[in-house]
Peer 1: 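Have a look at the structure that comes next, please.
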Amino acid sequence: MSALGLETLTSCFQGLIPSMFFTCAADGTPNAAYLSHVDYVDASHVALSFQFFNKSRRNVAENPHALVRVIDPDTQQGWALRLRYVRSETEGEIFDRMALRIEAIASYCGLKGIFKLRAADIYEVRSVTKVPEEPGLPVVSDRRREQNGVFTMQALQNMAVRVNRAHGLEHLLDEILAGLEDIFGFTHSMILLPGERPGTLITIATRGYVEKGVGAEARFGEGITGMVAEARKPIRIAGLMRGMLYAYAARFRAEEAGWGPPQHRIPMPGLVNPASQLGVPLLVRGELVGVLCIESEIPYRFHEEDKVSVEVLGSFLAIAIQNAVMHEAAEGSSEPRSAAAGSLPAAMSAPPVRRREVSFHQADECVLVDGEYLIRGLPAKILRKLLLAHVTEGRTEFTNRELRLDKSLQLPEYKDNLETRLLLLRRRLDEKCPDIRLVPAGRGRFRLELRAPFGLVERP
Amino acid sequence: MIDEVLAAFLQEGIAIHLGTRNAALEPNGARAIAARVDGDGQHIEVFVPDVAVGPVLADLRDNGQAAVCFARPQDDRACQVKGVFASARPATQAEEPMVAGQWRGFLDQLAIIGIPGESTRPWIVWPCTAVRIRVTAVYSQTPGPDAGKRLS
């Protein structure tokens with residue numbers, strides 16, 4: 001440990017509890033202001049976020065002496081750090097890390113591009129002392145750390161066992177999210193995979209949300225998942241609510257920034273009031289396989305020291321997901337074996353409930369069921385093809401291979417992601433129109449099951 | 001300097017910090033537990049725990065320069081009062097309910113942003129020293145483009 005002991009105070013640098021920043025102008029006028037964030041740089045330096053021109057910043061340019069007070073969210077012990085302004089950075093690792101966090105919060109509030117980091121101001125820490133009026137609770141700290149110390153080797157091993165046991169992509173994704181809850185206690189999570197359009201992610205599996213949100217799209221740079229995808233770095237936000245309040249206090253509103261949800265868009269799943277978020281890029285040899293996002297209503301759920309464990313977990317999950325995708329794609333490309341014995345004719349296997357109207361909108365390439373948006377893009381075109389084949393030829397059995405060979409679907413020759421699109425379509429149908437089901441029938445085959453009559457309508 | 005609306009905000013039970021500086025222009029700061037605005041709006045009194053008042057009081061007696069930051073955690077509405085030290089005295093027992101009331105208001109604010117009140121239980125909030133400051137300026141500090149704008 002260094003003489004200052006700054007490295008033992010990393011919990012203080014989460015932005016959960018506002019920090020106080022004291023400076024003094026060259027003419028001797030003191031200044032006191034709240035700070036959104038103090039970042040740990042190394043054992044003798046911290047970085048303060050510079051978002052707006054203000055008096056504090058002018059003061060340190062004239063007189064480098066400063067004092068910042070931070071509070072440890074585990075113990076509530078207040079600490080006073082005597083600082084000396086060194087320099088401002090507008091690029092590099094420290095700047096990128098701080099900017100990413102601020103932009104993730106801004107993006108969440110619809111303020112991206114407006115509420116951003118101008119510079120990371122680097123300060124030398126000259127002394128660290130306890131604040132006498134804010135003594136802490138060491139007992140609480142130990143208990144909380146024990147409760148939150150979830151990323152143990154044993155837990156990671158248990159997760160690995162669970163993941164290795166999974167068969168098929170769908171089962172794997174569900175096992176990952178179930179494992180995150182059962183083993184680590186994360187009750188709200190989601191996995192997004194690269195979307196059909198470049199620069200987008202599509203929600204493929206979620207857990208813990210009333211609205212499952214499968215099919216919801218996030219653009220790169222939008223929200224925590226989009227920010228993770230863009231930066232290809234994990235983002236951990238403790239005290240998200242505080243950050244959002246700070247952003248809102250900047251007097252902008254998402255509507256005023258001109259942001260509006262596009263037509264036919266599935267809302268992103270998520271907690272109404274997330275207090276902590278953790279987004280992890282799922283990378284294999286630099287390729288983005290997907291993004292894992294975990295949320296919590298507990299303000300300080302994810303600790304700095306968890307980050308490495310989460311990254312390790314992320315790379316392991318990324319390989320598992322990529323393997324499952326490749327395996328299913330290989331199976332779906334080959335000539336299918338004979339259909340599983342005993343498979344029943346599926347169409348109309350249940351008594352009809354009510355007639356569903358399935359409309360395909362050519363301009364948007366999207367499908368609506370009874371006027372409600374279901375899905376768009378390739379999954380929409382696949383559904384149209386399957387229903388047409390059923391109407392005209394009475395078919396209920398299909399293969400991935402025939403979809404792959406169908407020119408009308410315009411699948412890319414390289415990495416068509418057909419299996420993930422089929423999974424997406426299946427899950428959207430399960431959620432929004434369970435009367436139409438796609439049931440896997442083994443090795444690149446699936447069955448169309450209809451529990452209600454439908455009318456297929458083409459619209460311009 | 002401070003109208004009734006602003007006075008109500010300063011006294012509603014929010015985060016308060018007193019900033020000072022020493023002869024070497026090095027800043028000092030302490031948490032205040034409560035504040036009271038004079039009827040004429042020309043002076044404020046901030047109540048600083050005795051355990052914390054030493055360094056800031058020494059600065060104030062040395063050069064008189066004071067800055068008091070007020071912020072409401074739930075919406076980050078904030079302002080800063082600049083002023084000159086007038087006097088200091090021990091807070092009286094009669095003032096304790098007012099001080100305690102404002103502190104409870106602040107703890108309620110912390111609860112809104114997810115920090116439970118019991119976690120700050122060990123913080124020392126009494127006895128206090130009442131530091132009287134003559135107000136010379138008030139600035140907005142709500143984050144955003146208007147931060148730093150002079151209010152009076």
Side-chain angles (χ1 to χ4, degrees), chain A residues 16-18 20-34 36 51-56 58-59 62-63 65-69 71 73-78 80 82-83 115 131-137 140 239 241-242 245-252 273 275 297-300, chain B residues 15-33 48-54 59 63-78 80-82 110 112-115 118-125 136-137 139 141-148:
Chain A
L16 178 58
I17 304 175
M20 270 305 296
F21 191 44
F22 300 94
T23 59
C24 178
D27 70 1
T29 308
N31 198 78
Y34 283 87
S36 68
Q51 286 153 267
F52 300 102
F53 288 100
N54 57 33
K55 185 66 179 158
S56 302
R58 284 196 293 274
N59 283 356
E62 298 173 3
N63 167 21
H65 298 300
L67 175 77
V68 71
R69 285 169 50 129
I71 297 168
D74 285 330
T75 65
Q76 302 297 327
Q77 172 69 57
R82 291 214 167 268
L83 309 177
F115 189 70
V131 169
E133 70 271 32
E134 293 168 0
L137 281 169
V140 170
M241 194 160 80
R242 252 218 57 70
L245 288 169
Y246 188 86
Y248 277 125
R251 295 184 181 173
F252 295 105
N273 290 311
E297 282 166 337
I298 301 167
Y300 187 47
Chain B
I16 309 168
H17 282 86
L18 169 62
T20 62
R21 55 91 179 173
N22 62 18
L25 302 190
E26 292 168 333
N28 274 309
R31 180 183 290 282
I33 308 303
V48 180
D50 286 353
V51 290
V53 81
D59 289 349
N63 57 68
Q65 297 288 318
V68 190
C69 178
F70 295 84
R72 188 162 58 190
Q74 68 164 307
D75 59 2
D76 270 313
R77 182 184 169 191
Q80 183 180 208
V81 173
K82 300 272 195 190
L110 287 186
I112 291 171
I113 65 163
I115 302 165
E118 72 267 23
S119 61
T120 56
R121 190 167 24 87
W123 287 7
I124 299 164
V125 300
T136 56
Y139 296 94
Q141 276 190 332
T142 304
D146 288 338

Peer 1: Supply the atom-to-atom distance B:L25 CG to A:H65 NE2, rounded to the nearest 0.5 angstrom.
Peer 2: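 Answer for the CG-NE2 pair, B:L25 versus A:H65, is 7.0 Å.
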Peer 1: Can you see which heavy atom on B:K82 is nearest to which on A:P30, and at what distance?
Peer 2: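 Heavy atoms of B:K82 and A:P30 come nearest at NZ-O, 2.6 Å.
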Peer 1: If I compare all heavy atoms of A:A33 with all of B:Q141, which pair ends up nearest, and what's the gap?
Peer 2: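 For A:A33 versus B:Q141, the nearest heavy atoms are CB-NE2, 3.4 Å.
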Peer 1: State whether A:E134 and B:R31 are salt-bridged, where the test is any N-O pair (Lys NZ or Arg NE/NH1/NH2 against Asp/Glu carboxylate O) under 4.0 Å.
Peer 2: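 Answer for the salt bridge query: yes.
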Peer 1: Side chain from CB out, backbone as N, CA, C, O: work out which of these in B:P49 comes under 4.5 Å of a heavy atom of chain A, or both, or neither.
Peer 2: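 It is the side chain, since no backbone atom gets that close.
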Peer 1: Would you mind telling me which of B:N28, B:N63, B:T20 has the largest number of heavy-atom pairs within less than 4.5 Å of chain A?
Peer 2: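 Among B:N28, B:N63, B:T20, the one with the most close pairs to chain A is B:N28.
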Peer 1: If you apply the rule side chain to side chain contact (heavy atoms under 4.5 Å, CB included), what do you find for B:H17 with B:V48, and how did you get there?
Peer 2: CA-CA 9 Å; B:H17 282 86; B:V48 180; over 6 Å; no
Peer 1: When rounded to the nearest 0.5 angstrom, what distance separates CD1 in B:I16 from CE in A:M20?
Peer 2: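 Answer for the CD1-CE pair, B:I16 versus A:M20, is 11.0 Å.
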Peer 1: For B:I33, is it the side chain, the backbone, both, or neither that has a heavy atom closer than 4.5 Å to a heavy atom of chain A?
Peer 2: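 Interface part for B:I33: neither.
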Peer 1: Side chain from CB out, backbone as N, CA, C, O: work out which of these in B:D59 comes under 4.5 Å of a heavy atom of chain A, or both, or neither.
Peer 2: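 Neither part, no heavy atoms under 4.5 Å.
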Peer 1: Which region of A:A25, side chain (C-beta onward) or backbone (N, CA, C, O), has a non-hydrogen atom less than 4.5 Å from a non-hydrogen atom of chain B, or is it both or neither?
Peer 2: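 Only the backbone of A:A25 comes within 4.5 Å of chain B.
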Peer 1: Which atoms of A:I71 come close to chain B, meaning under 4.5 Å heavy atom to heavy atom: side chain ones, backbone ones, both, or neither?
Peer 2: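 Contact with chain B involves the side chain of A:I71 alone.
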Peer 1: Of the backbone (N, CA, C, O) and the side chain (C-beta and beyond), which part of B:A15 lies under 4.5 Å from a heavy atom of chain A, both, or neither?
Peer 2: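 Both backbone and side chain.
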Peer 1: Run A:F22 and B:R21 through side chain to side chain contact (heavy atoms under 4.5 Å, CB included) and show every step you take.
Peer 2: CA-CA 9 Å; A:F22 300 94; B:R21 55 91 179 173; over 6 Å; no
Peer 1: Under 4.5 Å from any heavy atom of chain B, what part of A:T23 do you find: side chain, backbone, both or neither?
Peer 2: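 Contact with chain B is through the backbone of A:T23 alone.
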Peer 1: With chain A, which of B:G19, B:A52, B:P27, B:A30 has the greatest number of heavy-atom pairs at distances under 4.5 Å?
Peer 2: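 Among the listed options, the one with the most contacts to chain A is B:P27.
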Peer 1: Counting heavy-atom pairs under 4.5 Å to chain A, which of B:C69, B:A67, B:A71 comes out on top?
Peer 2: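 Greatest number of close heavy-atom pairs with chain A: B:C69.
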Peer 1: Identify which part of B:A23 has an atom lying under 4.5 Å from any heavy atom of chain A, answering side chain, backbone, both or neither.
Peer 2: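 Interface part for B:A23: neither.
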Peer 1: Does any heavy atom of chain A fall under 4.5 Å from the side chain of B:Q80, the backbone, both, or neither of them?
Peer 2: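 The side chain, not the backbone.
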Peer 1: Tell me, out of A:C24, A:P132, A:P135, who's got the most heavy-atom pairs with chain B below 4.5 Å.
Peer 2: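 Heavy-atom pairs under 4.5 Å are most numerous for A:P135.
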Peer 1: What distance do A:E62 atom CD and A:T29 atom OG1 have between them, rounded to the nearest 0.5 Å?
Peer 2: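 If we round to the nearest 0.5 Å, A:E62:CD and A:T29:OG1 are 9.5 Å apart.
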Peer 1: Is A:N31 in contact with chain B via its backbone, its side chain, both, or neither, using a 4.5 Å heavy-atom distance?
Peer 2: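 Contact with chain B involves both backbone and side-chain atoms of A:N31.
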Peer 1: For A:Y34 and B:F70, which heavy atoms make the closest approach, and how far apart are they?
Peer 2: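 Taking every non-hydrogen atom into account, CE1-C, 4.4 Å.
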